[in-house]
Amino acid sequence: MKKIFTFTLLAAAIAFTGCETLGLKTIGMDSEDSVKRVAETIKKHVKPAEYKPVSIYWYEREELSNSMEYLQVEMVGTDGKLYTQNFKVGGDAQGPGEIEESRSSRAYDFASMKYISPEDLVPATIVDWINQAKSGLPEEYGYESLKGYTFKIDPETGERTSNFVARITETGNKRSVEGRNIVTTYYEIEFDVTADGTVVMEEIE
């Protein structure tokens with residue numbers, strides 16, 4: 001089902017925002033560089049002898065920017081409990097946040113469990129899945145940005161799956177002017193990638 005959202009920007013701020021963006025080293029959400037940045041961050045900061053990742057989620061800086069900014073890692077500690085750590089990975093600013101215990105009653109077997117390694121994140125493969133999603137959109141919709149991408153593993157079976165959300169607009173009905181504001185109406189469409197690499201789009205009503 002499509003979800004309707006609006007993004008409002010002051011008309012006078014458009015030129016300023018554009019110039020500001022030019023001064024930043026942005027990383028496209030749907031680029032191989034974003035996947036490489038995620039893999040590099042995990043390799044540097046998450047040591048499997050202490051924590052084993054089971055879910056990774058990276059997402060864009062702001063609505064429709066398509067610029068990667070944040071990374072969230074869910075991981076299991078040596079005590080078998082689930083923890084979360086956030087990272088700022090967009091542009092030149094990188095760094096880990098505090099490790100926090102998640103509200104989960106599930107107990108994991110740290111020694112035997114399967115987990116995500118940096119090598120599981122293959123940039124060309126993930127970008128190909130995203131491109132398949134773009135090309136599969138109906139003609140009346142246009143791709144704007146990738147809201148977020150989730151990569152998961154089943155700790156028991158080792159099965160890997162992905163899920164991502166694209167932000168799209170209707171062709172010819174992208175923006176409207178309301179006073180001093182420029183309003184963009186967009187939709188969020190979810191895609192699942194099964195264990196065999198099949199990209200499945202949710203139904204658009």
- prompt: Can you find a pair of side-chain heavy atoms, one from Ile116 and one from Val54, that are under 4.5 Å apart?
  reply: no

message: On a heavy-atom basis, which atom in Leu82 and which in Ser104 lie closest, and how many Å separate them?
response: CD2-CB, 4.1 Å

- prompt: If you look at every heavy atom in Ser102 and Thr84, which pair is closest and at what distance?
  reply: OG-OG1, 2.7 Å

task: Check step by step if side-chain contact (heavy atoms from CB on, under 4.5 Å) holds for Asn163 and Val193.
output: CA-CA 6 Å; Asn163 171 278; Val193 182; over 6 Å; no

query: In chain order, what residues pass the ring pair (Phe, Tyr, Trp, His ring centres under 6.0 Å) check against Phe191, with sequence neighbours excluded?
result: Phe164

- line: Scanning both residues in full, the closest heavy-atom pair of Thr171 with Tyr141 reads OG1-N, 3.8 Å

message: Let me check something: do Met29 and Val127 share a hydrophobic cluster, defined by ILVMFWY side-chain heavy atoms less than 4.5 Å apart, either directly or through other members?
response: no

- line: Tyr108 and Met113 have their tightest heavy-atom pair at CB-SD, 4.3 Å

- request: Dump the intermediate steps for salt bridge (Lys or Arg N to Asp or Glu O under 4.0 Å) on Lys114 and Glu159, then the final yes or no.
  value: CA-CA 9 Å; Lys114 310 294 184 182; Glu159 181 177 271; over 6 Å; no

task: Output, in order, the C-alpha distance, side-chain angles, deciding distance and verdict of side-chain contact (heavy atoms from CB on, under 4.5 Å) for Tyr83 and Tyr51.
output: CA-CA 8 Å; Tyr83 294 85; Tyr51 295 97; 3.9 Å; yes

- prompt: Hey, does Val46 have a side-chain heavy atom less than 4.5 Å from the side chain of Met75?
  reply: yes

- prompt: Backbone N or O of Ser67 within a donor-acceptor pair of the Ser65 side chain at under 3.5 Å?
  reply: yes

Residue pairs passing the side chain to side chain donor-acceptor pair (under 3.5 Å) test where at least one lies in residues 128-140, sequence neighbours excluded: Asp30-Lys134, Asp128-Gln132

message: Would the distance check show the side chain of Arg61 and the main-chain N or O of Asn66 forming a donor-acceptor pair, the cut-off being under 3.5 Å?
response: no

task: Check whether any side-chain heavy atom of Ile56 sits under 4.5 Å from a side-chain heavy atom of Leu71, and report yes or no.
output: yes

- request: For the pair Lys152 and Glu74, find out whether any cationic side-chain nitrogen is under 4.0 Å from an anionic carboxylate oxygen.
  value: no

task: Quick one: list whatever passes side-chain contact (heavy atoms from CB on, under 4.5 Å) with Ser31, sequence neighbours left out.
output: Ile27, Asp33, Ser34

- request: Look up atom OG1 in Thr185 and atom CD in Glu170, then write down how far apart they are to the nearest 0.5 Å.
  value: 8.5 Å

message: In this structure, would Ile99 and Trp58 fall into the same cluster of hydrophobic residues linked by side-chain contacts under 4.5 Å?
response: yes

Interatomic spacing from NZ in Lys88 to CE in Met68 - rounded to 0.5 Å: 12.0 Å

query: Any donor-acceptor pair under 3.5 Å linking the side chain of Glu202 with the backbone of Glu190?
result: yes

- line: Those residues at least two apart in sequence (or on a different chain) that pass ring pair (Phe, Tyr, Trp, His ring centres under 6.0 Å) with Tyr57 are Tyr59

field: Ion pair check, Lys81 and Glu100, cut-off under 4.0 Å
entry: no

- prompt: Does any N or O in the side chain of Arg167 come within less than 3.5 Å of the main-chain N or O of Val165, such that one atom is a donor and the other an acceptor?
  reply: no

message: Contact between Thr194 and Thr161 at the side-chain level, heavy atoms closer than 4.5 Å - yes or no?
response: no

query: Should Ser55 and Val73 count as side-chain neighbours, where that means a heavy-atom distance under 4.5 Å?
result: no

query: Hey, mind stepping through Glu63 and Tyr186 against side-chain hydrogen bond (donor to acceptor under 3.5 Å, both in side chains) and telling me if it holds?
result: CA-CA 10 Å; Glu63 295 169 280; Tyr186 67 92; 2.5 Å; yes

query: Salt bridge check: are Glu188 and Lys147 linked by an N-O gap of less than 4.0 Å?
result: yes

- line: Rounding to 0.5 Å, atoms OG1 (Thr150) and CD (Gln72) come to a distance of 9.0 Å

field: Residue pair Gly136 / Met201: nearest heavy atoms and the distance that separates them
entry: O-CE, 4.0 Å

message: Whether the side chain of Lys47 engages the backbone of Lys44 through a donor-acceptor N/O pair (distance < 3.5 Å, no angle test) should be reported.
response: yes

- prompt: Who pairs with Pro118 by side-chain contact (heavy atoms from CB on, under 4.5 Å), at least two apart in sequence or on another chain?
  reply: Ala39, Ile42, Lys43

- prompt: If you measure from CD on Glu32 to OG1 on Thr125, what distance do you get to the nearest 0.5 Å?
  reply: 9.0 Å

field: Min side-chain heavy-atom separation Leu64-Thr184 under 4.5 Å
entry: yes

- prompt: Would you say Ile168 and Leu137 make side-chain contact, with heavy atoms under 4.5 Å?
  reply: yes

- line: One should read off an interatomic distance between Asp120 CG and Ser162 OG, to the nearest 0.5 angstrom, of 10.0 Å

- request: Just jot down the ring pair (Phe, Tyr, Trp, His ring centres under 6.0 Å) partners of Phe151, sequence neighbours excluded, or say none.
  value: none

query: Say you draw a straight line from OG1 of Thr41 to CD of Gln85; how long is it, rounded to the nearest 0.5 Å?
result: 10.5 Å

task: Kindly indicate whether the side chain of Tyr115, heavy atoms from C-beta on, has any atom under 4.5 Å from the side chain of Val76.
output: no

